[in-house]
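Quick notes on the structure that follows.
The model shown is predicted, which means the values in this text are computed figures rather than measured ones.
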Amino acid sequence: MEKKNIDWSNLGFGYIQTDKRFVSNYKDGAWDEGVLTEDATVVINECAGVLQYAQTIFEGMKAYTTKDGKIVVFRPDLNAARMADSARRLEMPVYPEDKFVEAIAKTVEANAAYVPPYGSGASLYLRPYMFGSNPVIGVKPADEYQFRVFATPVGPYFKGGAKPLTLKVSDYDRAAPCGTGHIKAGLNYAMSLHAIVTAHEEGYDENMYLDAATRTKVEETGGANFLFITKDNKVVTPKSDSILPSITRRSLMYVAKEYLGLEVEEREVFIDEVKDFAECGLCGTAAVISPVGKIVNHGEEISFPSGMEKMGPTIQKLYDTLTGIQMGTIEAPEGWIKVIC
Ligand code: PLP
Ligand code: COI
């Protein structure tokens, strides 16, 4: 298979239309078989549930080319399970988890020419999503849904790649207690847009959201979970029912413990203790691990000893080990890597 003529090493995190996408429709209480199509457009009624009441959920995952030339996907079963949780919370039908993984495999295989080569630093981002497609005018769930998966080759999420980021402690809340912060619903991202545009205008790379109830505890950013490294090299990550259970974060905590022999802790993290950490990073499919150099909390500047030039040493080790597992240079734990072709 001949790869597309793309400048892989200079890709940003954007949308490039690829050849095929997977589409399946839910009607009369059942999902159809689903097909791959070349049609990148979606045609729905003007009153579709997604357009009126934002009944939509999504996932994000990546396909990589390994050192020995295989195309693989990282832990798609966990994305399938999380999407099922998201669907239940928004009263949507679950797309069967085994079918989800099959749909991912079909989409990757059909777009193999767009999977960036090993060593390019890029990957094929996969975006499974689902939305209410039939007319809904009273506030209630739709009866018909569409599940789709498209693929787009991407580079780093943050401009500047591995340069440490500067974050702002946001005055906006991302998720309420007992709300939808723990699922991947489009509505969580719509309500973060004003906050992120404002932060960018003020010169910040991202927002740090605090817990909405007390504004004392670290939650997450708009698109990634936090990892902190203590001065005695322990890996700490915030525990909260209103953050997205990041698959990257869960994998990194395992890697820290089992591969690097580090102590790990998932617990409440107070904003007041952040100044005492040695390193900070954002983790997620898109973010991978992006180092944080500075956090500004209403005039108070918290600068990590790791500085603004490069990743701190422990975040770097976590990054190298995780990406090594994903690219096939480090042996993966059982079941983490799905070989597509
Ligand atoms: N938190 C939010 C709000 C996200 O959108 C994402 C991205 O998926 C993450 C965390 C990271 O999750 P994952 O590692 O599963 O991609
Ligand atoms: C991902 O990491 O896959 C996400 O969905 C985050 C988003 C901000 C791009």
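In this structure, T323 and Y319 have side chains that are in contact, with non-hydrogen atoms separated by less than 4.5 Å. Under the 4.5 Å side-chain criterion, counting only non-hydrogen atoms from C-beta, Y209 is in contact with S192. Under the 4.5 Å side-chain criterion, counting only non-hydrogen atoms from C-beta, I271 is in contact with L210. No side-chain heavy atom of P116 sits under 4.5 Å from any side-chain heavy atom of T65. Side-chain atoms of M92 and I57, non-hydrogen and from C-beta on, do get closer than 4.5 Å to each other. Within the 4.5 Å cutoff, the side chain of V296 has no heavy atoms near those of the V169 side chain. Between R250 and I247, some side-chain heavy-atom pair lies under the 4.5 Å cut-off. Side-chain contact check for R21 versus V149: every heavy-atom pair is 4.5 Å or farther apart.
Heavy-atom neighbours of D241 CG from other residues, nucleotides or ligands within 6.0 Å: at or below the threshold of 12. The number of heavy atoms from other shown groups lying within 6.0 Å of CD (E331) does not exceed 12. The 12-atom threshold is not exceeded at NZ of K140, counting heavy atoms of other residues, nucleotides or ligands nearer than 6.0 Å.
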**OP:** Would you check, one step at a time, whether the test side-chain contact (heavy atoms from CB on, under 4.5 Å) holds for M83 with F100?
**Re:** CA-CA 9 Å; M83 188 139 178; F100 175 105; 3.7 Å; yes
**OP:** Would you sort out whether K99 and W31 count as a side-chain contact (heavy atoms from CB on, under 4.5 Å), showing the intermediate values?
**Re:** CA-CA 10 Å; K99 294 265 187 193; W31 288 104; over 6 Å; no
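One finds no salt bridge joining K257 and E263 here, because no Lys/Arg side-chain nitrogen approaches an Asp/Glu carboxylate oxygen to under 4.0 Å. A salt bridge between R215 and D173 is present, with a side-chain N of the basic residue lying under 4.0 Å from a carboxylate O of the acidic one. By the 4.0 Å N-to-carboxylate-O rule, E268 lies close enough to K217 to be salt-bridged with it. Between R127 and E59 there is no salt bridge, since no side-chain N of the basic residue sits under 4.0 Å from a carboxylate O of the acidic one. We find that R174 and E219 are not joined by a salt bridge, their nearest charged nitrogen and carboxylate oxygen being 4.0 Å or further apart. We find that D85 and R88 are joined by a salt bridge, their nearest charged nitrogen and carboxylate oxygen being less than 4.0 Å apart.
Partners of F226 according to the ring pair (Phe, Tyr, Trp, His ring centres under 6.0 Å) rule, which considers only residues two or more places apart in sequence or in another chain, are F228. With sequence neighbours excluded, the residues that form a salt bridge (charged side-chain N to carboxylate O under 4.0 Å, His left out) with D19 are K4. Under the ring pair (Phe, Tyr, Trp, His ring centres under 6.0 Å) criterion, Y254 pairs with W336, sequence neighbours left out. Every residue two or more places apart in sequence or in another chain that forms a salt bridge (charged side-chain N to carboxylate O under 4.0 Å, His left out) with E202 is listed here: K168. Residues satisfying the side chain to side chain contact (heavy atoms under 4.5 Å, CB included) test with N25, not counting sequence neighbours, are V23, D32, Q146. In this view, K3 satisfies the salt bridge (charged side-chain N to carboxylate O under 4.0 Å, His left out) rule with no residue, not counting sequence neighbours. Contacts of D68 classified as side chain to side chain contact (heavy atoms under 4.5 Å, CB included), with partners at least two apart in sequence or in another chain: T66, K70. Scored by the salt bridge (charged side-chain N to carboxylate O under 4.0 Å, His left out) test, R148 finds no partners at all (sequence neighbours excluded). Applying the ring pair (Phe, Tyr, Trp, His ring centres under 6.0 Å) test to F13 and every residue at least two apart in sequence or in another chain returns Y125, Y157. With sequence neighbours left out, F158 forms a ring pair (Phe, Tyr, Trp, His ring centres under 6.0 Å) with no residue at all.
Rounding to the nearest 0.5 Å gives a distance of 10.0 Å between CG of L124 and OH of Y114. Summarising the geometry, atom OG1 belonging to T221 is positioned 10.0 Å from atom CD1 belonging to I243; distances are rounded to the nearest 0.5 Å. In this structure, CG on L282 lies 6.0 Å from CG on L165, to the nearest 0.5 angstrom. Here the CG-SG distance, from L227 to C280, works out to 8.0 Å after rounding to the nearest 0.5 Å. Atom CG in N225 sits 5.0 Å away from atom SG in C283 (nearest 0.5 Å). Note: K67 NZ to I330 CD1 = 11.0 Å, rounded to the nearest 0.5 Å.
A donor-acceptor pair under 3.5 Å links the side-chain atoms of E279 to the main chain of I315, judged by distance alone. At distances below 3.5 Å, at least one donor-acceptor pair connects side-chain atoms of N188 with backbone N or O atoms of T180. Under a 3.5 Å cut-off, the side chain of D205 and the backbone N or O of L167 do not form any donor-acceptor pair.
In the hydrophobic clustering of ILVMFWY residues, with side-chain heavy atoms under 4.5 Å counting as a link, Y189 and M208 come out apart. V255 and I337 fall within the same hydrophobic cluster, defined by Ile, Leu, Val, Met, Phe, Trp and Tyr side-chain heavy atoms under 4.5 Å apart, directly or through other members. There is no path of hydrophobic side-chain contacts, each under 4.5 Å, that joins F22 to F131. When the side chains of ILVMFWY residues are joined at heavy-atom separations under 4.5 Å, either directly or via intervening members, V264 and L318 end up in a single hydrophobic cluster.
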Would you tabulate the side-chain donor-acceptor contacts of residues 48-56 under 3.5 Å, counting partners in other chains and residues two or more places apart, or write 'none'?
unit_1	atom_1	unit_2	atom_2	d
Q52	NE2	E46	O	3.0
Y53	OH	I137	O	2.6
Q55	OE1	A142	N	3.1
Q55	OE1	Y145	OH	3.3
Q55	NE2	L90	O	2.9
Q55	NE2	E91	O	3.4
Q55	NE2	Y145	OH	2.9
T56	OG1	M130	O	3.1

For residues 298-314, which side-chain N or O atoms pair as donor and acceptor with protein atoms under 3.5 Å away, sequence neighbours left out?
unit_1	atom_1	unit_2	atom_2	d
H298	NE2	D171	OD1	2.4
E309	OE1	K163	NZ	3.0
T314	OG1	N233	OD1	2.5

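Between F147 and Y95, the ring centre distance stays below 6.0 Å.
When every heavy atom of T107 is checked against every heavy atom of A151, the shortest pair comes out as CG2-CB, 4.3 Å. The two residues A63 and V73 come nearest to each other via the heavy atoms CB-CG2, 4.0 Å. Taking both residues in full, the closest heavy atoms of P245 and H182 are given as CD-O, 3.2 Å, listed atom of the first, atom of the second, then distance. The shortest non-hydrogen separation linking A332 to Y259 is C-OH, 3.6 Å. Shortest non-hydrogen contact noted between G284 and A224 is N-CB, 4.5 Å. Taking all atoms of both residues into account, the shortest heavy-atom contact from G60 to K184 is N-CE, 4.0 Å.
Each of I229, I295, V269 was scored for a side-chain contact (heavy atoms from CB on, under 4.5 Å) with F277, with one residue passing: V269.
When only modelled atom types and interatomic distance are considered, T41 and D39 share a side-chain donor-acceptor pair under 3.5 Å.
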